[in-house]
Structure formats: structure tokens, C-alpha cells
Chemist: 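Below: one structure in C-alpha cells.
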Amino acid sequence: SHNMFNPSRIQAFLAILTAAFLWSTSFVATKIALVSFEPMTLAALRMTLASILLGLMLLAKKEFVRPNRPDFYRICSGGLLGITFYFLLENWGLKFSSATDGALLVGAFPIIAMLLERMIYGIKLSWLRFAGAIVAIVGICMIVGNDAIAMDGRRVLGDILLILTGVSWAFYNFATRPIVNKYPLMTTNFLQAVSGTLAIYPFAFFETHQWEMIPSSSIISVVYLGMFCSVAAFLLYTWGLRTLDSSSAVGILNTIPVFGVICSVVILGENLVLLQIIGGLIVICGVYMSVSRGGSLAEVSPPST
């Protein structure tokens with residue numbers, strides 16, 4: 001069944017590729033929505049919509065499984081890390097930086113997770129994975145360095161927040177790894193969405209003084225983010241994982257920076273500098289070196305993007 005060209009594998013490949021494409025467009029959609037929504041208000045609206053959609057699907061499929069109390073707390077901590085803190089950092093990062101930088105830096109998330117895993121759990125790295133990490137860090141420095149050379153302090157701050165988003169995502173993976181196979185993915189995702197969204201509300205209420213008339217482009221962007229980037233992409237990804245192994249899936253997710261940069265340039269008209277292109281390609285090469293041999297890193301979930 002490992003023939004690459006059997007129909008189910010091709011369908012799974014296309015499902016995960018489509019999920020990667022949808023996630024890659026989130027940076028552009030977020031940039032458009034941030035024109036009129038403050039970062040946490042945007043996160044609250046997007047994730048409220050996603051939570052409602054996931055809840056309706058759970059009702060329809062009747063596959064809700066009640067987790068025991070320790071697991072429930074673990075799932076909720078995943079919601080805080082993977083949704084509340086993730087979007088706090090990502091949306092503020094994108095407010096200051098560009099969609100291009102967001103798309104390029106998300107490519108380095110697996111490396112951030114791998115290095116944190118080495119520091120916290122003492123997991124040994126093969127020389128190949130270590131070399132991959134070094135290569136990816138060089139790529140990150142080129143992406144952020146481009147903004148530093150341009151003396152754009154706001155954008156460098158945004159880049160730092162976007163890199164910290166990767167740290168939040170890594171801790172989300174560590175928190176949820178013990179329970180990821182214990183419950184149906186729909187159940188964990190719904191509970192994480194609800195707990196993560198509830199924790200966003202207090203932050204969003206601090207932004208109420210900036211609520212005003214909202215143009216339709218921003219409203220469409222929020223609906224798109226909630227329906228397609230948060231829910232549809234997740235469903236396609238999990239469906240594809242039934243057939244493809246996770247290391248192949250992580251390989252396909254390497255297309256997110258590529259799609260994301262193309263969308264940023266085409267839709268937002270962001271300008272792309274050679275240094276950024278080279279940096280982005282170097283990051284992808286580094287990640288590929290680190291993940292190609294499998295290992296714990298391949299067992300990660302996709303970014304919340």
C-alpha cells in the first residue's frame with residue numbers, strides 16, 4: 001500500500017497540500033483583518049466562529065468523548081498555549097511585521113520545537129538534525145536581518161514575536177503529546193478551541209475602545225480565517241494523516257512558507273528581497289535535514305495558523 005501512486009495516497013497528499021495552502025493564506029487574511037480589528041479582538045472573533053463550527057460537527061458526528069479530569073486540564077493547557085498565547089503572539093507579530101515574514105518564519109517552527117525538546121527533555125540530536133538546526137537558524141537570521149538592515153525596528157519586534165509564536169507552539173505540542181492519541185481529534189480540538197477562545201476574551205475587552213465601523217474586507221477575512229484556516233484545513237490535515245505517515249505530512253507542510261510568500265506578494269503587493277528568499281529557502285532546507293530521518297519531531301501537530 002506504500003505505492004505513492006495509489007489513489008488513496010494521492011488523495012491524502014492532496015488533502016494535506018490543500019491544508020498547507022489554506023494555512024499559508026492565513027498571514028495575508030490576518031493582515032487584511034488587522035486593518036480594522038485589533039489583534040486579540042481578531043483572535044476572539046476567529047476562534048469563536050471556529051469553536052461553534054467544531055461544536056456543530058461534534059454534535060453531527062456524535063464522537064464527543066469526555067476526558068478524565070487530569071486529561072481535561074491538559075487539553076485546556078493546550079488551548080492556552082496553542083490558541084490564546086499563539087494568537088496573542090502571532091497577531092501582534094503580524095501587526096508589526098509583514099505577512100511575508102510570518103510565512104517565512106513559520107517554516108522554522110519544527111526547528112524551534114526540536115531545540116526546546118533537546119533543552120527540556122535532553123533528547124539527543126543526531127549530527128544531521130543538529131546541522132539542520134544550525135542551517136535553519138542561519139536562514140532565520142537572514143529573514144530578520146533583512147528588517148534590521150532596513151532599520152525597521154517595528155518589523156524586527158514583529159519578527160521576534162513571530163519566533164516566540166513558534167515557542168508557544170512547541171510547548172503546545174509537549175503539553176498535548178501524551179493525550180493526542182487517547183481521544184478523537186475532534187474532541188481535543190473542540191475543547192482546546194473553546195478553552196483557548198475563552199481565555200482570549202479578557203484580552204479582547206481591553207481593545208474595545210478601538211471598535212468601530214468595519215469594512216467588509218475585514219469581516220470576510222475573519223470568516224475565512226475561522227472557517228477555512230482554523231476548521232477546514234484542520235479537517236483536511238487529519239483526514240490526510242489517516243493514510244500518510246506524519247513525517248511525509250511534515251514534509252508537505254514545508255510548502256506553507258512558499259505559498260504564503262506568493263500570496264503576500266500577489267495579494268498584498270508586499271515586496272520581497274533576495275535576502276528573504278534565500279533565508280526562507282535555507283530554513284526549509286534545514287527543516288528538511290532535521291525531519292527527514294523521522295524521530296519525535298515528526299509527531300508534531302500543524303501550527304494553529
Chemist: For the pair Gln192 (side chain) and Gly78 (backbone), establish whether a donor and an acceptor sit closer than 3.5 Å, ignoring hydrogens and angles.
Modeler: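 Absent.
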Chemist: Do Ser126 side-chain atoms and Arg129 backbone N/O form a donor-acceptor pair below 3.5 Å?
Modeler: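 Yes.
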Chemist: Quick check on Phe64: does its CZ atom have over 12 non-hydrogen neighbours (other residues, nucleotides or ligands) under 6.0 Å away?
Modeler: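 Correct, the count exceeds 12.
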Chemist: Same cluster for Met114 and Val106 if Ile/Leu/Val/Met/Phe/Trp/Tyr side chains link at under 4.5 Å?
Modeler: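 Yes.
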Chemist: Which atoms form the tightest heavy-atom contact between Asn68 and Lys182, and what is the distance?
Modeler: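 Shortest heavy-atom contact: ND2-NZ, 4.1 Å.
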Chemist: How long is the gap from CD1 on Ile278 to SG on Cys285, to the nearest 0.5 Å?
Modeler: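 One finds 11.5 Å between CD1 of Ile278 and SG of Cys285.
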Chemist: Below 4.5 Å, heavy atoms only, C-beta onward: do Leu104 and Phe27 meet side chain to side chain?
Modeler: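 Heavy-atom side-chain distance check fails, nothing below 4.5 Å.
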Chemist: What's the spacing between Phe13 CZ and Leu244 CG if we round to 0.5 Å?
Modeler: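 The distance works out to 8.5 Å.
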Chemist: Mind listing the closest non-hydrogen atom pair of Ser51 and Phe190 along with its distance?
Modeler: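 Closest approach of Ser51 to Phe190, heavy atoms only: O-CE1, 3.5 Å.
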Chemist: I'd like to check Met186 versus Leu235 (side-chain heavy atoms, cut-off strictly below 4.5 Å). Are they in contact?
Modeler: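 Touching, per the 4.5 Å side-chain cut-off.
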Chemist: Determine, step by step, whether Glu38 and Trp92 satisfy the side-chain contact (heavy atoms from CB on, under 4.5 Å) criterion, reporting the C-alpha distance in whole Å, the side-chain angles of both residues, the deciding distance to 0.1 Å, and the verdict.
Modeler: CA-CA 9 Å; Glu38 285 296 302; Trp92 276 103; 4.1 Å; yes
Chemist: Can you name the nearest heavy-atom pair linking Leu94 to Ala99, along with the distance?
Modeler: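 The answer is CD2-CA, 4.0 Å.
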Chemist: Does any part of the side chain of Tyr172, heavy atoms only, come nearer than 4.5 Å to the side chain of Leu80, both counted from C-beta?
Modeler: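 The answer is no, as the side chains (C-beta and beyond) never meet within the 4.5 Å cut-off.
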Chemist: For residues Ile75 and Ser195, determine if any side-chain heavy atom of one lies less than 4.5 Å from a side-chain heavy atom of the other.
Modeler: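 No, too far: nothing below the 4.5 Å cut-off.
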Chemist: Would Cys229 and Arg46 count as a side-chain contact (heavy atoms from CB on, under 4.5 Å) if you check the C-alpha gap in whole Å, the side-chain angles of each, and the deciding distance to 0.1 Å?
Modeler: CA-CA 10 Å; Cys229 301; Arg46 168 190 179 166; 3.6 Å; yes
Chemist: Under a single-linkage definition using a 4.5 Å side-chain heavy-atom cutoff for Ile, Leu, Val, Met, Phe, Trp and Tyr, are Val35 and Ile220 assigned to the same hydrophobic cluster?
Modeler: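 Hydrophobic grouping puts Val35 apart from Ile220.
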Chemist: Any side-chain donor paired with an acceptor under 3.5 Å for Ser26 and Tyr224?
Modeler: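 There is no such pair between these side chains.
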Chemist: Where do Phe87 and Met47 come nearest, in terms of heavy atoms and distance?
Modeler: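 That closest heavy-atom pairing would be CE1-SD, 3.7 Å.
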Chemist: Might you work through the side-chain contact (heavy atoms from CB on, under 4.5 Å) test for Ile111 and Ser290, ending with a clear yes or no?
Modeler: CA-CA 8 Å; Ile111 296 293; Ser290 294; 3.4 Å; yes
Chemist: Any side-chain heavy atom of Asn254 sitting closer than 4.5 Å to one from Val287?
Modeler: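 They are in contact (side-chain heavy atoms under 4.5 Å apart), so the answer is yes.
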Chemist: Got a donor-acceptor contact below 3.5 angstrom from the Glu90 side chain to the Leu162 backbone?
Modeler: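 The answer is no, because no donor-acceptor pair under 3.5 Å joins these two groups.
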Chemist: State whether the side chain of Glu207 and the backbone N or O of Met40 hold a donor-acceptor pair below 3.5 Å, judged by distance alone.
Modeler: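 Yes, because the side chain of Glu207 sits within donor-acceptor range (under 3.5 Å) of the backbone of Met40.
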Chemist: What are the two closest non-hydrogen atoms of Ala199 and Thr84, and how far apart are they?
Modeler: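 Here Ala199 and Thr84 meet closest at CB-OG1, 3.4 Å.
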Chemist: Hey, could you give me the CG/CZ distance between Leu236 and Phe228, rounded to the nearest 0.5 Å?
Modeler: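 Nearest 0.5 Å value for the CG-CZ distance: 10.5 Å.
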Chemist: Checking Phe171 now: which residues fulfil ring-ring contact (aromatic ring centres under 6.0 Å, His included) with it, not counting sequence neighbours?
Modeler: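 Checked Phe171 against ring-ring contact (aromatic ring centres under 6.0 Å, His included); matches are Phe174.
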Chemist: Out of curiosity, does Leu198 fall in the hydrophobic cluster containing Val231 (side-chain heavy atoms, cut-off under 4.5 Å, transitive links)?
Modeler: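 Hydrophobic grouping puts Val231 with Leu198.
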Chemist: Taking the side chain as every heavy atom from C-beta outward, state whether Val156 and Phe96 have any atom pair closer than 4.5 Å.
Modeler: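 Side chain of Val156 against side chain of Phe96, heavy atoms only: no contact under 4.5 Å found.
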Chemist: Report the C-alpha separation of Glu117 and Arg177 in whole Å, then their side-chain angles, then the decisive distance to 0.1 Å, and conclude whether the salt bridge (charged side-chain N to carboxylate O under 4.0 Å, His left out) test is met.
Modeler: CA-CA 12 Å; Glu117 204 174 41; Arg177 193 176 288 161; 2.8 Å; yes
Chemist: Do the side chains of Met289 and Leu128 get nearer than 4.5 Å, heavy atoms only?
Modeler: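 Yes; the side chains approach each other to less than 4.5 Å.
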Chemist: So which atom in Val222 and which in Leu49 form the shortest heavy-atom distance, rounded to 0.1 Å?
Modeler: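 Scanning both residues completely, I find the closest heavy atoms to be O-CD2, 4.3 Å.
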Chemist: What distance do Ile163 atom CD1 and Ile143 atom CD1 have between them, rounded to the nearest 0.5 Å?
Modeler: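 CD1 of Ile143 is found 8.0 Å from CD1 of Ile163.
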Chemist: When hydrophobic residues are tied together by side-chain contacts of less than 4.5 Å, even through go-betweens, does Leu253 share a cluster with Leu14?
Modeler: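 Yes; tracing contacts between hydrophobic side chains, which count when under 4.5 Å, links both residues.
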Chemist: Among side-chain atoms of Arg74 and Thr176, is any donor-acceptor pair under 3.5 angstrom?
Modeler: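 No donor-acceptor contact under 3.5 Å links the two side chains.
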Chemist: Val261 and side-chain contact (heavy atoms from CB on, under 4.5 Å): which single residue from Val266, Leu272, Ile256 fits?
Modeler: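 It is Leu272, the one option of Val266, Leu272, Ile256 that forms the side-chain contact (heavy atoms from CB on, under 4.5 Å) with Val261.
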Chemist: If you apply the rule side-chain contact (heavy atoms from CB on, under 4.5 Å), what do you find for Phe203 with Thr41, and how did you get there?
Modeler: CA-CA 8 Å; Phe203 293 104; Thr41 305; over 6 Å; no
Chemist: Distance alone, cut at 3.5 Å: any donor-acceptor contact between the side chains of Asp71 and Tyr183?
Modeler: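 Yes.
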Chemist: CG/Leu22 to OG/Ser24 distance, rounded to the nearest 0.5 angstrom?
Modeler: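 Spacing of CG (Leu22) from OG (Ser24) equals 7.5 Å.
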Chemist: Which distance, rounded to the nearest 0.5 Å, do you find between the CG of Leu161 and the CG of Leu105?
Modeler: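 If we round to the nearest 0.5 Å, Leu161:CG and Leu105:CG are 11.0 Å apart.
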Chemist: I'd like to know if the side chain of Lys31 and the backbone of Leu268 have a donor-acceptor N/O pair within less than 3.5 Å.
Modeler: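 No, because the side chain of Lys31 does not come within donor-acceptor range (under 3.5 Å) of the backbone of Leu268.
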Chemist: Is a side-chain donor or acceptor of Thr243 paired with a backbone partner of Ala12 at a separation under 3.5 angstrom?
Modeler: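 A pair under 3.5 Å: no.
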Chemist: Can you find a pair of side-chain heavy atoms, one from Leu53 and one from Met227, that are under 4.5 Å apart?
Modeler: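 Yes - at least one pair of side-chain heavy atoms lies under 4.5 Å apart.
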Chemist: Between Tyr237 and Trp23, is a ring pair (Phe, Tyr, Trp, His ring centres under 6.0 Å) present by the stated rule, with each step listed?
Modeler: CA-CA 11 Å; Tyr237 182 78; Trp23 279 317; 5.6 Å; yes
Chemist: When clusters are formed by joining ILVMFWY residues with side-chain heavy atoms under 4.5 Å apart, either directly or through shared neighbours, do Leu157 and Met151 land in the same one?
Modeler: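 Different clusters.
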Chemist: Tell me the side chain to side chain donor-acceptor pair (under 3.5 Å) pairs involving residues 150-167, sequence neighbours left out?
Modeler: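 Listed by first then second residue: Ser97-Asp159, Ser98-Arg155, Asp101-Arg155, Asp147-Arg155.
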